[in-house]
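Structure record follows, encoded as structure tokens.
What you are looking at is a predicted structure, and each value in this text was computed from that prediction instead of being measured. A, B, ... follow the sequence lines: proteins, then strands. Residue 1 opens every chain.
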There are 2 protein chains.
Amino acid sequence: MDLIDLNAMPETEARFPAFIDDLCDKLELDYASYVAMPPLSGDVRYYANYSDDWADHYAQNNLHCVDPVIHKSVNSIAPVDWQRFDRDQNFNLVFNPGREFGIPNVGISVPIRGPYGEVGLLSVSRNCEKSVWSKLKRKIMGDLQVAAVHMHDNVMQSGILPNVLSRPALSSREKEILQWAAAGKSQQDIGDILCISHRTVEVHLRSGRSKLNALTTAQAVGRAISHGLIYPG
Amino acid sequence: MDLIDLNAMPETEARFPAFIDDLCDKLELDYASYVAMPPLSGDVRYYANYSDDWADHYAQNNLHCVDPVIHKSVNSIAPVDWQRFDRDQNFNLVFNPGREFGIPNVGISVPIRGPYGEVGLLSVSRNCEKSVWSKLKRKIMGDLQVAAVHMHDNVMQSGILPNVLSRPALSSREKEILQWAAAGKSQQDIGDILCISHRTVEVHLRSGRSKLNALTTAQAVGRAISHGLIYPG
DNA sequence: ATCGCTATTAGGGGATTCCCGTAATTTTTC
DNA sequence: GAAAAATTACGGGAATCCCCTAATAGCGAT
């Protein structure tokens, strides 16, 4: 199976919907969607070939807050088959009205995580019998995984998700001191460890906070960790 | 391609090496290894079918600290083909001696991330011409992705990685207050927000620190985030 | 049903730490 | 060569930490 190579396409955002369309063609699917979610739960990026009607209905009713497919997938390692939600109240709440829009209730969602804690979710679906779906799923699972990784990799590299890419540049000393702070050391401790005044330690913490737009050191440590600048200690 | 279903096997650790062996058989590979790395950079879990000689040599020389395949993969979304390291000094430092052990220098590493920041790395390799390798790679990429996800999912569910699973149980109030602390609020702020005394806030922070084995609130926030108990604010 | 454990609430007080303003020297960058 | 950033450091006031005690409520166990 040869899917579109996003790296070989002009670096416009239009290549992502094109990839979605191509995916549906090649894998005998009706609909596909991709969502990129930064760890700070800020703005998401969304591509799909659902009808505008369904997309509007989904967005206007904030169905993403209810949709159990989302909740399950962002906490899962393996792909999540929608059949798991057969008797799920929230699933039916979201997808029963979807039938009027021609939305299938069989499908699968493939979560992909990146090194910054962001999650990409590639969901595909098709109007067919469940037995047909089971066979199709087995056949295309490998390609789906590859497609999800490829899509997420390229969306991340495109820098479209601002929260993830705008990683504040901390100086090495700032990172070093923030790392010790994350390890539970006091300013005095850190000063002793690095053989500098605890006053100096505080200055680095201050500039670190400032660069991370953090009000307290605790917030700065949390943000630095979530940005991958330091490790939990 | 039908790989072993780890869910259908007895829940012993022996099924993981068996999966590695089966993977090599079915995908025409010589060697495969899987490493699970918790976010707290603590103890890793490792399965492989390399010769004991090579494994000992790798471990005794702490080659994982030098191995560029590891470094690149844990920061990558997409699989990392070892061909990328053709002229990499560290790669040759690690793998040139590997030839004496029969270790191939063509291979690929597939990183998989879970919701707790842990990384699983499935690496496979084979002794063959680069042209043969390129063809094989294209053929098995989908299965490799599926295998990596399957392996990582099952290792995580087995609870073998203690750091990830031993998630301290914070009370709802403790999590709530720690969440506000991660959002940069002071104790007084939090007291005002929750309409309780700032003294009470401090008690919850103290018990939270205690449960997380943290010396400072900053460390507690970092640990709580890395454990997925709260979100970065 | 009483005992014990935990959660949640709250205060006093001393020691420590944090945070802000200021500022010098060195290094890096343009 | 000048501008910007990094690294070093002090003083003072505010905030937090950490020890103590203590009451009320809930929940599982003996």
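The separation between D192(B) atom CG and dA10(C) atom P is 12 Å, rounded to whole Å. When the C1' atom of dC18(D) is taken as reference, atom CG of L215(B) falls 13 Å away, rounded to whole Å. One can place CD of E174(A) at 7 Å from P of dT7(D), the figure rounded to the nearest angstrom. Atom CD1 in I177(A) sits roughly 12 Å away from atom P in dC18(C) (whole-Å rounding). Atom-to-atom, CD of E176(A) to P of dA6(D) comes out at 15 Å; the value is rounded to the nearest Å. Remark: P of dT16(D) and CZ of R209(B) are 11 Å apart, rounded to the nearest angstrom.
Residues R199(B) and L205(A) both approach DNA chain C. Their nearest nucleotides, taken by heavy-atom distance, put R199(B) toward the 5′ side. Along DNA chain C, the nucleotide nearest to H198(B) and the one nearest to Q188(A) differ in position, and the one closer to the 5' end is contacted by H198(B). A residue-by-residue look at S207(A) and E202(A) shows that S207(A) has its nearest nucleotide of DNA chain D further toward the 5' end.
Note on D86(A) versus K130(A): salt bridge recorded, some NZ/NE/NH1/NH2 to OD/OE distance being below 4.0 Å. Salt bridge annotation for R199(B)-E202(B): absent, with no cationic side-chain nitrogen under 4.0 angstrom from a carboxylate oxygen.
Residue contacts for S186(A): at a heavy-atom cut-off of 4.0 Å it reaches the sugar-phosphate backbone alone, with no base atom in range. The residue H204(B) sits close to a base: some heavy atom pair falls under 4.0 Å. T216(B) comes within contact range of no nucleotide atom at all, as no heavy-atom separation falls under 4.0 Å. Among the protein residues, R173(B) comes within range of the sugar-phosphate backbone only, with heavy atoms under 4.0 Å from sugar or phosphate atoms but none that close to a base. Contacts of I190(A) with the nucleic acid, taken as non-hydrogen atoms under 4.0 Å apart, are absent.
Side-chain N/O atoms of K175(B) include none lying less than 4.0 angstrom from OP1 or OP2 on dA7(C). A close approach under 4.0 Å does not occur between any side-chain nitrogen or oxygen of S197(A) and OP1 or OP2 of dT8(D). Under 4.0 angstrom from either OP1 or OP2 of dA7(C) there lies no side-chain N or O belonging to S171(B). For the pair Q187(A) and dT17(C), the criterion of a side-chain N or O lying under 4.0 Å from OP1 or OP2 is not met.
A donor-acceptor pair is defined here as one N or O able to donate and one able to accept, closer than 3.5 Å; such a pair exists between the side chain of H150(B) and the backbone of L6(B). Proximity of a side-chain donor or acceptor of R113(B) to a complementary backbone N or O of V74(B) within less than 3.5 Å is detected.
By the 30° and 60° cut-offs, the orientation of the rings of W82(B) relative to F91(B) is perpendicular.
Checked options K211(A), H204(A), R209(A); the residue passing with E174(A) is K211(A) (criterion: side-chain hydrogen bond (donor to acceptor under 3.5 Å, both in side chains)).
Across dT9(C), dA6(D), dC20(C), the shortest atom-to-atom separation from the side chain of K211(A) is found for dA6(D). Of all nucleotides listed (dC19(C), dT17(C), dT8(D)), dT8(D) comes nearest to the side chain of I196(A). Among the nucleotides dG11(C), dC20(C), dT8(D), the one closest to the side chain of R206(A) is dC20(C).
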